[in-house]
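Below: one structure, written as structure tokens.
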Amino acid sequence: MVDASHRRPRLRSVGDGELSLRYRVVHGYRRAYRMAGEGPALVLIHGIGDSSATWADLIPDLARTHTVIAPDLLGHGASDKPRADYSVAAYANGVRDLLTTLGIESATLVGHSLGGGVAMQFAYQFPERTERLILVSAGGVGGEVNPVLRAVSLPGAHLMLSTLQLPGMRIQVGLFLRLMRMLDTDLGLDAPELLNLVDALPDTTSRSAFIRTLRAVVDWRGQAVTMLDRCYLTEGMPTMLLWGDRDSVVPVRHAYGAHEAMPGSRLEIFEGAGHFPFHSDPARFLALVEEFTRTTSPADWSREHWRDLLCEGRPGTSAGRPDTAQNRAVERDLREASERSAT
């Protein structure tokens, strides 16, 4: 096997036309996506309520050495918003089908928030098509989530989101956000980005798709599905976790738990960043992604290796580990994982 660290990237510029939205109809639904560059495939999967536009400033640099595909997940952005299955498993299927229509057999997946859960589910369902995982403030590796998202999962969420669109309410929310920023809270750090997601829900159809997606992964108690119980299956798959240490949506302790559960994974913490570290420090984000993809070889998947991992099962306990609050939290999440399986 060729040492990946000796590859010489072929740099190229990216035209504005490559960053424009394109469309494919899959199963009768229009799927929007951006695609640019040449080289190994790199798939960027956005979070809930967001779209491929969240990656727009990063795509030109990533496309110098990669074929970058950034879809608008079904129910998001410019993609159709039918009354449909918005589970992480369905999203993983949708990503596979879009990649298949584009002639891409395998890729490195970069997933943010909900997109991180989709990337992990993709790797679980289609390990032979997954070269690497880069998980950014990913959902699906712990129970906690911002109380606002728990509230939106409750009955009456449509009215709540509609109310936020009213001019008077916008002024009140703006004042509250400024206060949170003045107090230097984690929520204040993330609030402007989160409010932008609300602005991206201008009509009933968009809000309905958002709520259906949210309820597929969150309930009043917190995150309702997990991949934590199957993270051991990433053994042999290059995996990197990127997290802001002031994430108000998915707490940074989830990063440590996922890192502990994923054999050989790499963890990078963005100090002072919230839920969108690739917006807070895009230069570092780009450098890490480019270095990671350049210096690691794609996962060498085999049916025999997958069978062996499944037969051996998840390494069971924290026996022999220090009795720390962090390790106890990891074990608690693993015990709870059986009732929050994504399958």
Side-chain angles (χ1 to χ4, degrees), residues 42-48 54-55 58 62 88 92 107-124 127 130-146 186 190 217 223 225-299 314-315 321 326-327 329-331 333-334 337 342:
L42 189 70
V43 179
L44 310 178
I45 309 176
H46 63 77
I48 189 169
T54 199
W55 309 106
L58 302 169
L62 293 172
V88 290
T108 295
L109 272 66
V110 182
H112 172 240
S113 197
L114 169 73
V118 174
M120 285 187 285
Q121 185 70 19
F122 185 98
Y124 173 59
T130 310
E131 297 180 357
R132 300 172 189 82
L133 279 175
I134 300 176
L135 306 175
V136 188
S137 306
V141 289
E144 296 170 82
V145 73
N146 189 286
D186 293 350
D190 281 325
V217 292
Q223 295 189 57
V225 296
T226 187
M227 285 294 295
L228 197 61
D229 56 340
R230 279 154 289 153
C231 281
Y232 69 93
L233 294 171
T234 60
E235 181 179 321
M237 178 178 293
T239 302
M240 181 167 64
L241 301 113
L242 309 178
W243 232 277
D245 69 348
R246 298 188 58 187
D247 192 328
S248 70
V249 179
V250 183
V252 69
R253 83 171 189 85
H254 291 200
Y256 293 102
H259 178 49
E260 182 77 17
M262 293 179 166
S265 61
R266 172 177 171 183
L267 175 60
E268 296 285 345
I269 302 297
F270 286 59
E271 294 185 7
H275 190 57
F276 295 80
F278 55 100
H279 289 173
S280 302
D281 192 347
R284 183 183 176 199
F285 178 85
L286 286 167
L288 285 170
V289 171
E290 290 170 353
E291 182 264 339
F292 184 69
T293 56
R294 185 181 69 253
T295 60
T296 58
S297 297
R314 175 174 62 84
R321 300 180 195 161
Q326 178 178 312
N327 283 337
V330 170
E331 288 305 316
D333 284 343
L334 287 170

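In what follows, every heavy atom counts, from backbone to side chain, and hydrogens, waters and symmetry copies are set aside. When a residue number appears, it is its place in the shown sequence, counting from 1.
Among the candidates Val88, Val43, Leu109, the single residue satisfying the side-chain contact (heavy atoms from CB on, under 4.5 Å) test with Phe122 is Leu109. Partner Val110 forms a side-chain contact (heavy atoms from CB on, under 4.5 Å) with one of Leu135, Leu44, Ile45 and no other, that one being Leu44.
Scored by the ring pair (Phe, Tyr, Trp, His ring centres under 6.0 Å) test, Phe285 finds Phe278 as partners (sequence neighbours excluded). Residues satisfying the side chain to side chain contact (heavy atoms under 4.5 Å, CB included) criterion with Pro263, sequence neighbours excluded, are Thr234, Glu235. By the salt bridge (charged side-chain N to carboxylate O under 4.0 Å, His left out) test, Arg284 pairs with Glu268, sequence neighbours left out. Looking at residues two or more places apart in sequence or on another chain, you find no ring pair (Phe, Tyr, Trp, His ring centres under 6.0 Å) involving His259. Under the rule for a side-chain hydrogen bond (donor to acceptor under 3.5 Å, both in side chains), the partners of Thr108 that lie at least two apart in sequence or sit in another chain are Arg132. Here Ser113 pairs with His275 under the side-chain hydrogen bond (donor to acceptor under 3.5 Å, both in side chains) rule; sequence neighbours left out.
Put simply, the side chain of Leu288 reaches to within 4.5 Å of the side chain of Arg266, judged on heavy atoms. Leu133 has its side chain within reach of Met237: a pair of non-hydrogen atoms, C-beta onward, lies under 4.5 Å apart. Considering only heavy atoms from C-beta on, Phe270 stays 4.5 Å or farther from Arg246 through its side chain. Contact of the Met227 side chain with the Met262 side chain is not registered, since no non-hydrogen atoms from C-beta on lie closer than 4.5 Å. No side-chain heavy atom of Val136 sits under 4.5 Å from any side-chain heavy atom of Trp243.
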Requested in this report: Output, in order, the C-alpha distance, side-chain angles, deciding distance and verdict of side-chain contact (heavy atoms from CB on, under 4.5 Å) for Gln121 and Val225.
Outcome: CA-CA 11 Å; Gln121 185 70 19; Val225 296; over 6 Å; no
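Here the shortest heavy-atom pairing between Ala261 and Leu228 reads CB-CD1, 3.9 Å. Looking at every heavy atom in both residues, Val250 comes nearest to Ser137 through CG2-O, 4.1 Å. Closest approach of Thr130 to Ala123, counting heavy atoms only: OG1-CA, 3.4 Å. For Ala138 against Val141, the heavy-atom pair with the smallest separation is O-CG2, 3.8 Å. Nearest heavy atom pair, residue Pro238 against residue Gly236, reads CD-O, 3.7 Å. Of all the heavy atoms in Thr54 and His46, the pair that sits closest is CG2-CB, 4.0 Å.
The CD atom of Glu131 sits 9.5 Å away from the CG atom of Leu42 when rounded to the nearest 0.5 Å. Rounded to the nearest 0.5 angstrom, Thr226 OG1 and Met120 CE are separated by 7.0 Å.
With Ser265 contributing its side chain and Met240 its backbone, the two residues share no donor-acceptor pair below 3.5 Å. With hydrogens and angles ignored, the 3.5 Å screen pairs a side-chain donor or acceptor of Asp245 with a backbone N or O of Gly272.
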